[in-house]
Amino acid sequence: MDMQTSLLDRLFDAGLLIETGVDGLYGRSGVFEDVISRFEGLISAYGGAEGAEMIRFPPGMNRAHFETSGYMKSFPQLAGTVHSFCGCELDHMNLLKCIDEGGDWTKTQEATDIALTPAACYPLYPTIAKRGPLPPEGGLYDLQSYCFRHEPSTDPDRQQMFRMREYVRIGTQEAVTEFRQTWMDRGVKMMESVGLDVEIDVANDPFFGRAGKMLANNQRDQNLKFELLIPVNSAAKPTACMSFNYHQDAFGAKWGLAFAGGETCHTACVGWGLERIALALFVRHGLDPKAWPANVRKTLWG
Ligand code: ATP
Ligand code: ZN
């Protein structure tokens, strides 16, 4: 049995995660959820005073927006779309026959207007663009969503459905890069305040294919993505628990995010992988939060 399987098994045995029969798709216990909600409280304690507009989108997004985002170009291997039965009565009879015979009934499903949200900020950009030009100070948004990524794994820190909390800044290049730096500093402080060992490293997204390698190299060379890493499965290979992404004016141009004078906005987002952070805490301090160090408990529970 490898390390990962044993961590997952320990989490199942403790009842923190609940098995569904699919790798990367788990139920969560009340104790697990309490840790996530307390950590979210900590995020809000750090970021709450800045007056971010809170928006909560469901875990599915407008498929047309998903297409415009270019996700299928960069990450086709991770994408998920919602399909449904759209046939007539005869089609239904054929469907039932197919199921009875153990055939592949999913072939008859058709794409709906909904794609599964791949990152919490994806539905935001078209929403803000639709409002019209941004004020000179830009905008700041507080998001949280379940996200889907088709990356089945028995590492509990790589799930197919997980939550991402994000702050997104839309504004001038200066405002946006300052925002990202501020959160890199705060991110480290925040994790240290709950007893986690952190390091920050330059990173790249898992772009698909050979052309994707160039995108990934470019992203690294230009320091567009940083990750805050914390040991979960292994101390030698810590896990990305936060990411800090600067999109330059790429999303601004794609979605038409602009100031009243017509100048394209820059954007950046900081994201917390909430399950990964909860797991890092359980690995560091033990599977029973009541037994966590007093200072950590105080930071999270007050
Ligand atoms: P990785 O390199 O580990 O696949 P990523 O670069 O794809 O992560 P982002 O797209 O930056 O991740 O997502 C933001 C945050 O969401 C990450 O920092 C991480 O904490 C979390 N996250 C990403 N993928 C997963 C996953 N499969 N399961 C749980 N959390 C995840
Ligand atoms: Zn984002």
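Just the heavy atoms: all of them, side chains too, but no hydrogens, waters or symmetry mates, feed the values below. Every number for a ligand or one of its atoms is a count from 1 in the order of the listing.
For atom 11 (O) of ligand 1, the closest heavy atom belonging to the protein is Lys225 NZ, 2.6 Å. Scanning the protein heavy atoms around atom 16 (O) of ligand 1, the nearest turns out to be Met164 CE, 3.6 Å.
Using the six-membered ring where Trp is involved, Phe66 and Tyr71 have ring planes that are tilted, between 30° and 60° apart.
Set against the non-hydrogen atoms of Asp205, the atoms of ligand 1 under 4.0 Å away are 6 (O), 10 (O). For ligand 1, the atoms closer than 4.0 angstrom to any heavy atom of Met242 are 18 (O). Against a heavy-atom cut-off of under 4.0 Å, Asp157 is close to the following atoms of ligand 1: 28 (N), 29 (C). Per-residue contacts place Arg149 under 4.0 angstrom from the following atoms of ligand 1 (heavy atoms of the residue considered): 5 (P), 7 (O), 9 (P), 10 (O), 12 (O), 13 (O), 23 (C), 24 (N).
Checked against a 3.5 angstrom limit, the closest N/O atoms of Gly271 and ligand 1 fall outside it. By the 3.5 Å distance cut-off applied to N or O atoms, Asn204 is not counted among the residues near ligand 1.
At a 4.0 Å cut-off, not a single heavy atom of Leu274 sits close enough to ligand 1 to count as contact. Using a 4.0 Å cutoff on heavy atoms, Glu166 does not count as a contact of ligand 1. Look at Ala119 and you'll find every heavy atom at least 4.0 Å from all atoms of ligand 1.
Side chain to side chain, Asn204 and Lys225 fail the donor-acceptor criterion of an N or O pair below 3.5 Å.
Looking at Ser243 against ligand 1, both its backbone and its side chain come within 4.0 Å, counting heavy atoms. Under 4.0 angstrom from ligand 1, the non-hydrogen atoms of Glu227 all belong to its side chain. Proximity of Glu151 to ligand 1, defined as any heavy-atom pair under 4.0 Å, is confined to the side chain (atoms from C-beta onward).
Less than 2.8 Å away from the Zn ion (ligand 2), the protein contributes these N/O/S atoms: Cys121 SG, Glu166 OE1, Cys269 SG.
Looking at Arg163, its side chain never comes within 3.5 Å of a backbone N or O of Gln144 through a donor-acceptor pair.
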